[in-house]
Amino acid sequence: TVCKSWQFQSVAPTNSTDRVCTNQTVCLNTQYQSVAPTNSTDRVCANQTVCLNTEFESVAPTNSTDRVCTSQNVCPSYQYQTVAPTNSTDRVCANLTICKTWQYESTAPTNSTDRVCTNQTVCK
């Protein structure tokens with residue numbers, strides 16, 4: 001017997017027995033091929049990494065590579081979030097506006113909005 005391209009030899013032939021061919025494992029769509037099949041070994045499938053909700057997918061999985069997850073950027077106290085993270089993009093932060101000496105903070109910043117500075121009234 002000759003094994004087909006989608007099979008591997010699971011039992012080698014002997015003088016008194018024919019070889020045994022077995023269908024190669026097919027990875028699920030939530031898996032990737034971690035070890036390629038050979039003429040005498042089956043492929044090995046591994047589950048794709050699932051990113052945590054504090055991570056984003058920085059490299060998408062392929063049939064033969066796993067997904068890469070990266071920790072989301074955290075805006076420090078002197079910044080605010082200008083773009084929210086998604087499953088495949090990181091959060092974007094920007095520096096908070098610093099009010100000039102002739103201004104006051106008329107609207108306080110939040111995690112996702114900048115502070116608003118307004119000019120002080122000049123008394124006459």
Side-chain angles (χ1 to χ4, degrees):
T1 300
V2 176
C3 295
K4 308 287 188 219
S5 62
W6 63 86
Q7 297 177 320
F8 68 98
Q9 175 183 284
S10 53
V11 178
T14 67
N15 289 339
S16 60
T17 63
D18 196 4
R19 78 173 34 90
V20 176
C21 298
T22 303
N23 290 345
Q24 296 171 357
T25 297
V26 176
C27 297
L28 302 173
N29 61 1
T30 57
Q31 299 177 317
Y32 67 98
Q33 175 182 282
S34 57
V35 178
T38 67
N39 290 337
S40 60
T41 62
D42 195 9
R43 82 169 32 89
V44 177
C45 301
N47 291 332
Q48 295 172 354
T49 298
V50 176
C51 297
L52 302 173
N53 61 1
T54 57
E55 300 175 319
F56 68 98
E57 179 184 276
S58 53
V59 179
T62 67
N63 290 338
S64 60
T65 62
D66 194 11
R67 160 185 296 111
V68 176
C69 300
T70 302
S71 293
Q72 293 172 355
N73 185 30
V74 176
C75 300
S77 60
Y78 58 88
Q79 293 185 327
Y80 67 101
Q81 175 181 285
T82 57
V83 179
T86 67
N87 290 337
S88 60
T89 62
D90 196 6
R91 166 184 291 112
V92 178
C93 304
N95 288 338
L96 289 167
T97 296
I98 299 173
C99 296
K100 307 293 186 209
T101 56
W102 63 87
Q103 297 176 319
Y104 68 97
E105 181 182 276
S106 56
T107 304
T110 68
N111 289 339
S112 60
T113 62
D114 195 7
R115 78 170 38 95
V116 177
C117 299
T118 301
N119 290 343
Q120 297 175 8
T121 301
V122 177
C123 298
K124 294 185 183 190

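When a residue number appears, it is its place in the shown sequence, counting from 1. Just so we're clear, the structure is a prediction, and the values are computed from it rather than from any experiment.
- Within the 3.5 Å criterion, the main-chain N or O of Gln9 finds no donor-acceptor partner in the side chain of Ser40.
- Between the Arg43 side chain and the Thr25 main chain, a donor and an acceptor come within less than 3.5 Å of each other.
- The closest side-chain donor-acceptor pair between Asn95 and Gln79 falls under 3.5 angstrom.
- The line from OG1 of Thr97 to CD of Glu105 is 10.0 Å long, rounded to the nearest 0.5 Å.
- The CG atom of Leu96 sits 5.5 Å away from atom CG of Asp114, with the distance rounded to the nearest 0.5 Å.
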Task: Step-by-step side-chain contact (heavy atoms from CB on, under 4.5 Å) determination, Lys100 to Cys117 - done: CA-CA 8 Å; Lys100 307 293 186 209; Cys117 299; over 6 Å; no
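- Closest non-hydrogen pair, Phe56 versus Ser71, comes out as CE2-O, 3.8 Å.
- Other residues, nucleotides and ligands contribute at most 12 non-hydrogen atoms within 6.0 Å of the CD1 atom of Ile98.
- To the nearest 0.5 Å, atom CG of residue Asn87 and atom CD of residue Glu55 are 11.5 Å apart.
- For Thr22 (side chain) and Ser10 (main-chain N/O), no donor-acceptor pair under 3.5 Å exists by modelled atom type.
- Within the 3.5 Å criterion, the main-chain N or O of Val44 finds a donor-acceptor partner in the side chain of Ser34.
- Between Arg19 and Cys3 there is a side-chain heavy-atom pair separated by less than 4.5 Å.
- The main-chain N or O of Gln7 is never found under 3.5 Å from a side-chain atom of Asn23 such that the two would form a donor-acceptor pair.
- Here OG1 of Thr70 is found 11.5 Å from CG of Asn73. Values are rounded to the nearest 0.5 Å.
- Between the CZ atom in Phe8 and the CD atom in Gln24 there is a gap of 7.5 Å [rounded to 0.5 Å].
- Note that the OG1 atom of Thr121 and the CH2 atom of Trp102 stand 15.5 Å from one another [nearest 0.5 Å].
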